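Data first, discussion second: the structure below is written as structure tokens.
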Amino acid sequence: MNLFTDIHAVVLAALGQMQAEGALPEGLDFANVTVEPPRDPLHGDMATNAAMVLAKAAKAKPRDIAEKLVEKLAADDRITSAEVAGPGFINLRLAPAVWQGLVAAVLNGGTKFGRSNLGAGKKVNVEYVSANPTGPLHVGHTRGAVFGDALASLLDFAGYDVTREYYINDGGAQVDVLARSVYLRYLEAHGQEVAFEDGTYPGEYLIEVGANLRDKVGDAYVDQPEEVWLTEVREFATEAMMDLIREDLKMLGVEMDVFYSEKSLYGTGRIEGAIQDLTDKGLIYRGTLEPPKGKLPEDWEPREQTLFKSTDYGDDVDRPIKKSDGAWTYFAPDIAYHYDKVQRGFDLLIDVFGADHGGYVKRMKAAVSALSGGKVPVDIKLCQLVKLFKNGEPFKMSKRAGTFIMLRDVVEQVGPDVTRFVMLTRKNDAPLDFDFDKVLEQSKDNPVFYVQYAHARVASVLRKAAEAGITADDATLLAADHTKLDHEAELNLLKKIAEWPRLVEIAARTNEPHRIAFYLYELASDLHGLWNRGNENTSLRFIQDDDSATSQAKIALARSTAVVIAAGLGILGVTPAEELR
RNA sequence: GCACCCAUAGCUCAGCUGGAUAGAGCGCUGCCCUCCGAAGGCAGAGGCCUCAGGUUCGAAUCCUGAUGGGUGCGCCA
């Protein structure tokens, strides 16, 4: 139930009627006609721009169209007033009964209220995290993980068929480095002195992996050449790292549907197949790239390479898919991977990358566009950096100094709910400050707490109602007389609830889950406001002494608010609190 | 040098793909608990939406350019 689409339909019907009566010419494009909440609530409940948008094509003055449209709209019994304002806006006011009807809609729908079929069941693949399997996840990954996960949930809520996917980069040189590092820890576990030189991972998390390897194979690999052990150790180490990463994700509450291995693309002809597809389209050639302008790398020399003609699809330069030794570059398996996603029948692909992959966006879009014949859109969301603070002081991360903050450090300190919510209170393409002290603060300065508090307050009302002997289960609340909710403050809260289904669609269309977080803050604010007005005006308190019928109507409103908050938090992956401590 | 992202109140940020007098939190000045949780609420002060052009009924929003900041730029993924 989305009141805005309902009224939008009313407006379109009225416009159609005007055409039938000759008041408007045929063949007008209504696509830009919107119905939205006016910026200033004093103007009314909803506003439409219909008259202004159509004026030019209809060769009429906006206000003239508006005057006629207003007459039609006023005939609808949901609309109590329709008036022309400013340059040709039409401001509408809706009958209280329309707003009051929301309570039943919310209580009937539960946390499914606001679900949309915007996605119409289209298959969408959301790829996120995809961190290299060389160590536990750190803070940078955390933002991508939270963002991708919330986006996936949002799209699901908006009616898409969502697959959550993790691409394991286990095919490149970095896993050989990992294997060698684990091998050193393995030797160490056998009592040898080892040195970690450049090009190895000195992280302490590998000590245990080395010891486990020793327990598994004994001294079979000790003092053996690399050919003997590299493949097995690599396998063993990547498995161990993926176990670590899976644990990290679990701590955050992230569950993937698919873990897709890069390595599985090799030796199966799938990379060759994808490249062949591009070759058939005339997009693969041998050539030499121009050196980048400006600061030239010291060892630059022109080289002939196998290139993908990504410039045909808007990229700045063509991109190499093979190294000079004939091996694939990282780009080639990535092309094959996306080719595979296209072939699995997804209607839409979304990649969530870190900001450091910004330069990768154009070539990936080019590749998908070429591979799918432009049929499968790919949206690439970049998550900007997370800056950590402690006591207001920037917290520098350094691998060398051991102050590299891991995902588990953050989650252990502040919990998954806070971590998730805070990471979603900024749009993905803006950098994020994360202050350990501030996020744990319990005040309105902290949005997580503020929203949780609103939810907990409603739970508190329900407990108080039980103490006062008022029945307040959802069935009873649903049957209550909601027309008693006629105070302006109560109607305002209902109007905010009415925006929820609309907001879900906007957030889903733009792939911006942070909008959910901001909406929840506003909704919580309205509830807190109503609550406090009960201080001065006792008739606004949810529990009315000696009047259980009125109480039930008011509690139904509180409960509806809590349901929407719970639904929103559900999308963000945050558990709604029944009680705060 | 080139590409992408960002620029809105003193600070941290929203702004519903072009709408009316640009919003919130913090901070600042006041006020509200015999009351369902004051862990809250209300009010006030605070703005040339970085700058300059353009598009149109209408621009913080779209386009061009400039300035400042971030990220990246052929055998690392």
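Naming: A, B, ... by sequence-line order, numbering from 1 per chain. All values reported here derive from a predicted model rather than from experimental measurement.
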*To the side chain of A/Lys464, which of B/rU12, B/rG72, B/rC36 is closest?*
B/rC36
*Spacing between A/Lys387 atom NZ and B/rC6 atom C1', to the nearest angstrom*: 11 Å
_G-U wobble or Watson-Crick pairing nucleotide for B/rG25 (cut-off 3.5 Å, both distances)_ = B/rC11
_With a 6.0 Å cut-off on the ring centroids, do A/Tyr260 and A/Tyr337 count as close?_
yes
_Which nucleotide wins on minimum distance to the side chain of A/Glu512, given the candidates B/rU17, B/rC36, B/rG15?_
B/rG15
_So, does A/Lys56 get its side chain near the phosphate of B/rC57, meaning an N or O under 4.0 Å from OP1 or OP2?_
yes
*asked:* Does B/rA38 have its OP1 or OP2 closer than 4.0 Å to a side-chain nitrogen or oxygen of A/Trp531?
replied: yes
*Establish, with yes or no, whether the OP1 or OP2 oxygen of B/rG15 is under 4.0 angstrom from a side-chain nitrogen or oxygen of A/Lys427.*
yes
*For A/His528 and B/rG41, do the ring centres fall under 5.5 Å apart while the planes stay under 30° apart?*
no
_Nearest-nucleotide pick for A/Tyr453, side chain only, options being B/rC57, B/rA14, B/rA38_ = B/rA38
*Rounded to the nearest angstrom, tell me the gap between atom OH in A/Tyr521 and atom C1' in B/rA14.*
11 Å
*asked:* For B/rG15 and A/His514 - does any side-chain N or O of the residue sit under 4.0 Å from the phosphate oxygens OP1/OP2?
replied: yes
_Value in whole Å for how far the P atom of B/rA14 lies from CG of A/Leu424_ = 12 Å
*Residue pair A/Arg180 / A/Thr200, side-chain donor-acceptor N/O under 3.5 Å*: no
*Backbone of A/Asp334 reached by a side-chain donor or acceptor of A/His338 within 3.5 Å*: yes
*Between A/Glu262, A/Met241, A/Met242, which is the residue that forms a side-chain contact (heavy atoms from CB on, under 4.5 Å) with A/Ile168?*
A/Met242
*Could you state the atom-to-atom distance from CZ of A/Arg39 to C1' of B/rC16 in whole Å?*
9 Å
_Stacking between A/Phe89 and B/rA20, defined as ring centres under 5.5 angstrom apart with planes under 30°, is that present or not?_
yes
*Using atom NZ of A/Lys362 as one end and atom P of B/rC73 as the other, report the distance to the nearest whole Å.*
15 Å
_side-chain N/O A/Arg541 vs B/rC36 OP1/OP2, d < 4.0 Å_ = no
*With both distances under 3.5 Å as the test, what is the Watson-Crick or G-U wobble partner of B/rU55?*
none
*Just how far, in rounded Å, is P of B/rG19 from CG of A/Leu54?*
16 Å
*Would you find a donor on one side and an acceptor on the other, under 3.5 Å apart, between the side chain of A/Asp318 and the backbone of A/Ser310?*
yes
*CG of A/Asp429 versus C1' of B/rU8: gap in Å, rounded?*
15 Å
*Which residues in residues 165-178 of chain A have at least one heavy atom lying under 4.0 Å from any atom of RNA chain B?*
A/Asn169, A/Gly172, A/Ala173, A/Gln174
*asked:* Can you pull out the residues from residues 305-323 of chain A that lie within a 4.0 Å heavy-atom distance of RNA chain B?
replied: A/Gln305, A/Asp316, A/Pro320, A/Lys323
*With rounding to whole Å, what would you report as the distance between B/rC48 and B/rA9 at their P atoms?*
9 Å
*Identify whether any heavy atom of A/Ser460 sits under 4.0 Å from a base atom; if not, whether one sits that close to sugar-phosphate; answer base, sugar-phosphate or nothing.*
base
_Please tell me if A/Arg363 has a side-chain N or O lying less than 4.0 Å from either OP1 or OP2 of B/rG74._
no
*For B/rC62 and B/rC49, measure between their C1' atoms and round to the nearest Å.*
16 Å
*Most 5' of A/Tyr330 and A/Ala524 on RNA chain B, judged by nearest nucleotide*: A/Ala524
*Give a yes-or-no answer on whether the side chains of A/Ser130 and A/Glu127 include a donor-acceptor pair shorter than 3.5 Å.*
yes
*Please tell me which of A/Met52 and A/His357 maps to the more 5' nucleotide of RNA chain B, matching each residue to the nucleotide holding its nearest heavy atom.*
A/Met52
*Give the nucleotide from the list B/rG19, B/rA20, B/rC4 with an atom nearest to the side chain of A/His43.*
B/rA20
*Choose from B/rA20, B/rG40, B/rA77 the nucleotide whose nearest atom is closest to any side-chain atom of A/Phe449.*
B/rG40
_Base B/rG72 to side chain A/Asp356, donor-acceptor N/O within 3.5 Å cut-off_ = no
*Are side-chain N/O atoms of A/Asp351 and A/Tyr167 paired as donor and acceptor at under 3.5 Å?*
no
*May I have the distance from A/Asn446 (atom CG) to B/rC13 (atom C1'), rounded to whole angstrom?*
15 Å
*Considering residues, nucleotides and ligands other than A/Asn537, do more than 12 of their heavy atoms fall under 6.0 Å from its CG?*
yes
*Given A/Gln552, which of A/Ile470, A/Ile543, A/Asp547 fulfils the side-chain contact (heavy atoms from CB on, under 4.5 Å) condition?*
A/Ile470
*B/rG15 and B/rG23, which share atom name P, separated by this distance in whole Å*: 15 Å
*Would you tell me if any nitrogen or oxygen in the side chain of A/Arg533 comes within less than 4.0 Å of OP1 or OP2 on B/rG40?*
no
*Can we say A/Lys495 and A/Asp45 salt-bridge, meaning some charged N sits less than 4.0 Å from an Asp/Glu carboxylate O?*
yes
*Which part of the nucleic acid, if any, lies within contact of A/Ala85, taking any heavy atom under 4.0 Å across all strands shown: a base, the sugar-phosphate backbone alone, or nothing?*
base
_Taking donor-acceptor contacts at under 3.5 Å, does the side chain of A/Arg502 reach the base of B/rC16?_
yes
_Taking only the P atom of each, what is the distance from B/rA77 to B/rC4 in whole angstrom?_
25 Å
*Do other residues, nucleotides or ligands put more than 12 heavy atoms under 6.0 Å from the CD atom of A/Glu290?*
no
*Please tell me if the side chains of A/Leu432 and A/Lys387 come closer than 4.5 Å, counting only heavy atoms from C-beta onward.*
no
*Do the ring centers of A/Phe147 and A/His514 come within less than 6.0 Å of each other?*
no
*Tell me whether the OP1 or OP2 atom of B/rG41 has a side-chain N or O from A/Tyr450 closer than 4.0 Å.*
yes
